[in-house]
Amino acid sequence: MLPIFLSQKKFQTAVSKQAAEACEHILNEMGAELHDDLIQKLSVFRLYLDRLERATYSPQETERILLNMRTDFESVTMAVRRISGRLLQMRMEDDSFQTGIEVLCQNMAHERAGNVHFEYSGAPQPIPELSQTYLYRIVQELIHNAFKHSAAWHIWVRMKWSPHVLTLEIEDDGTGFNKPAEFITLLRKKNNTLKMRSQAIGAIITFDQGQQGLIAKVKYSF
Ligand SMILES: Nc1ncnc2c1ncn2[C@@H]1O[C@H](COP(=O)(O)OP(=O)(O)OP(=O)(O)O)[C@@H](O)[C@H]1O
Ligand SMILES: [Mg+2]
């Protein structure tokens with residue numbers, strides 16, 4: 001906890017010091033995680049390869065080894081995901097909100113093997129932390145929805161800054177949008193986390209038919 005009565009300069013120095021210490025702590029933690037967990041998990045694969053070489057003439061043994069490799073591979077993926085999640089969080093705290101959204105687009109494109117195009121216009125302005133978190137989650141859910149419900153190949157995330165207004169557009173080229181009117185009515189009515197988060201920060205979320213799929217717009221005034 002920071003003492004309440006401090007000069008502005010002292011306060012900033014104390015905050016920076018705390019932030020640096022927190023980063024240091026996360027880096028140490030991640031270093032230990034890489035060392036104790038991930039490296040051990042990966043070295044098991046060296047043993048698996050040796051065993052596979054010896055089992056060339058036994059299909060049953062080969063199958064058994066492959067089964068174990070598959071399970072262990074899952075846990076390696078999970079470990080990497082955990083570490084990258086922590087490091088990304090750190091990045092989010094440090095970097096601008098816009099960079100956070102751009103990184104989110106890159107990560108989701110990579111995870112889903114799709115294309116998430118990030119575009120922006122105007123000059124970024126500072127917005128409150130809670131709004132940043134909620135807008136980030138809203139974009140995440142809209143991209144997730146596009147991949148899940150529309151089998152989209154391409155998703156466009158557009159960030160438009162104008163003085164005191166930020167507009168976020170998420171559009172997909174999905175083919176799942178066979179009955180657009182029905183889905184749009186459903187989305188407009190449904191009290192989901194998209195709506196709840198928007199209301200909580202005074203943003204307005206709208207859904208319309210885009211060029212091919214759905215276009216969702218979030219208008220946030222600050
Ligand atoms: N990009 C999209 N393209 C086509 N249909 C969509 C799209 N996004 C949402 N929908 C439709 O709107 C519905 C409501 O979406 P919503 O995110 O509220 O719920 P959900 O994705 O079904 O469930 P949850 O978000 O809890 O996993 C979806 O079930 C789907 O039918
Ligand atoms: Mg959803």
Side-chain angles (χ1 to χ4, degrees), residues 20-95 99-118 133 136-157 170-179 183 186 190 192-194 197 212-214 216:
E21 280 168 8
C23 285
E24 188 82 4
H25 176 74
I26 294 175
L27 284 176
N28 281 335
E29 209 180 287
M30 294 301 97
E33 189 89 349
L34 282 171
H35 178 268
D36 301 339
D37 188 41
L38 198 58
I39 293 179
Q40 280 190 22
K41 283 194 168 103
L42 285 174
S43 46
V44 172
F45 278 82
R46 167 87 231 168
L47 299 177
Y48 276 137
L49 290 176
D50 292 346
R51 280 168 58 194
L52 268 181
E53 242 169 25
R54 287 200 299 271
T56 345
Y57 299 107
S58 166
Q60 287 99 331
E61 179 63 4
T62 307
E63 199 173 320
R64 209 177 57 78
I65 298 171
L66 284 174
L67 198 75
N68 288 340
M69 283 178 89
R70 207 162 279 147
T71 315
D72 283 356
F73 191 75
E74 275 297 304
S75 85
V76 169
T77 315
M78 269 166 66
V80 175
R81 215 170 260 156
R82 236 186 0 255
I83 294 169
S84 87
R86 286 301 302 274
L87 291 173
L88 267 181
Q89 245 176 1
M90 209 166 95
R91 216 189 138 149
M92 267 291 281
E93 280 159 18
D94 262 16
D95 266 331
T99 313
I101 298 283
E102 191 174 0
V103 172
L104 173 71
C105 294
Q106 285 165 8
N107 285 340
M108 290 190 81
H110 186 70
E111 272 170 25
R112 315 294 170 99
N115 299 290
V116 185
H117 311 277
F118 176 77
T133 310
Y136 181 91
R137 293 279 175 243
I138 289 170
V139 175
Q140 191 175 27
E141 168 63 6
L142 288 169
I143 298 176
H144 177 73
N145 271 352
F147 279 128
K148 183 172 154 194
H149 299 297
S150 78
W153 277 108
H154 293 273
I155 298 168
W156 292 268
V157 174
I170 292 82
E171 180 170 3
D172 65 63
D173 66 349
T175 49
F177 221 55
N178 293 330
K179 295 176 188 160
F183 284 126
L186 175 72
K190 197 174 168 189
N192 49 18
T193 52
L194 293 169
R197 286 192 198 274
Q212 268 181 279
L214 177 75

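Keep in mind that the numbers below use all heavy atoms, side chains included, and drop hydrogens, waters and symmetry copies.
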Heavy-atom closest contact ([X] atom, [Y] atom, distance):
X	Y	result
Leu52	Thr62	CD2-CG2, 3.7 Å
Ala152	Asp172	CB-CB, 3.8 Å
Leu194	Ile138	CD2-O, 3.7 Å
Glu102	Phe118	CG-CD2, 3.6 Å
Gln212	Asp173	OE1-CB, 3.7 Å

To the nearest 0.5 Å, what is the distance between [atom1] on [X] and [atom2] on [Y]?
X	Y	atom1	atom2	answer
Thr193	Arg137	OG1	CZ	10.5 Å
Leu214	Leu142	CG	CG	8.0 Å
Leu49	Arg51	CG	CZ	11.0 Å
Asn68	Leu47	CG	CG	12.0 Å
Thr99	Gln106	OG1	CD	10.0 Å
Ile101	Tyr136	CD1	OH	7.0 Å

- Could you give me the CA-CA distance, side-chain angles and deciding distance for Asp50 and Arg46, then say whether salt bridge (charged side-chain N to carboxylate O under 4.0 Å, His left out) is met? CA-CA 6 Å; Asp50 292 346; Arg46 167 87 231 168; 3.4 Å; yes
- Does Phe73 have any ring pair (Phe, Tyr, Trp, His ring centres under 6.0 Å) partners at least two apart in sequence or in another chain, and if so, which? none
- Query: Can you say whether the rings of His154 and Trp156 are parallel (under 30°), tilted (30 to 60°) or perpendicular (over 60°)?
  - Reply: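 Answer is parallel, since the angle falls under 30°.
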- Message: Checking Val76 against Leu38 for the side-chain contact (heavy atoms from CB on, under 4.5 Å) test, could you report, in this order, the C-alpha distance in whole Å, the side-chain angles of both residues, the deciding distance, and whether it holds?
- Response: CA-CA 7 Å; Val76 169; Leu38 198 58; 3.9 Å; yes
- Does Glu61 CD have over 12 foreign heavy atoms under 6.0 Å away?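 Atom CD in Glu61 is packed in, count exceeds 12.
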- Checking side-chain contact (heavy atoms from CB on, under 4.5 Å) for the pair His144/Arg112: CA distance, chi angles, key distance, verdict? CA-CA 9 Å; His144 177 73; Arg112 315 294 170 99; 3.0 Å; yes
- Message: I want to check something: taking the side chain as every heavy atom from C-beta on, are Leu67 and Glu63 in contact at a cut-off of under 4.5 Å?
- Response: no
- Derivation of the side-chain contact (heavy atoms from CB on, under 4.5 Å) call for Arg82 and Asp37: CA-CA 11 Å; Arg82 236 186 0 255; Asp37 188 41; 3.3 Å; yes
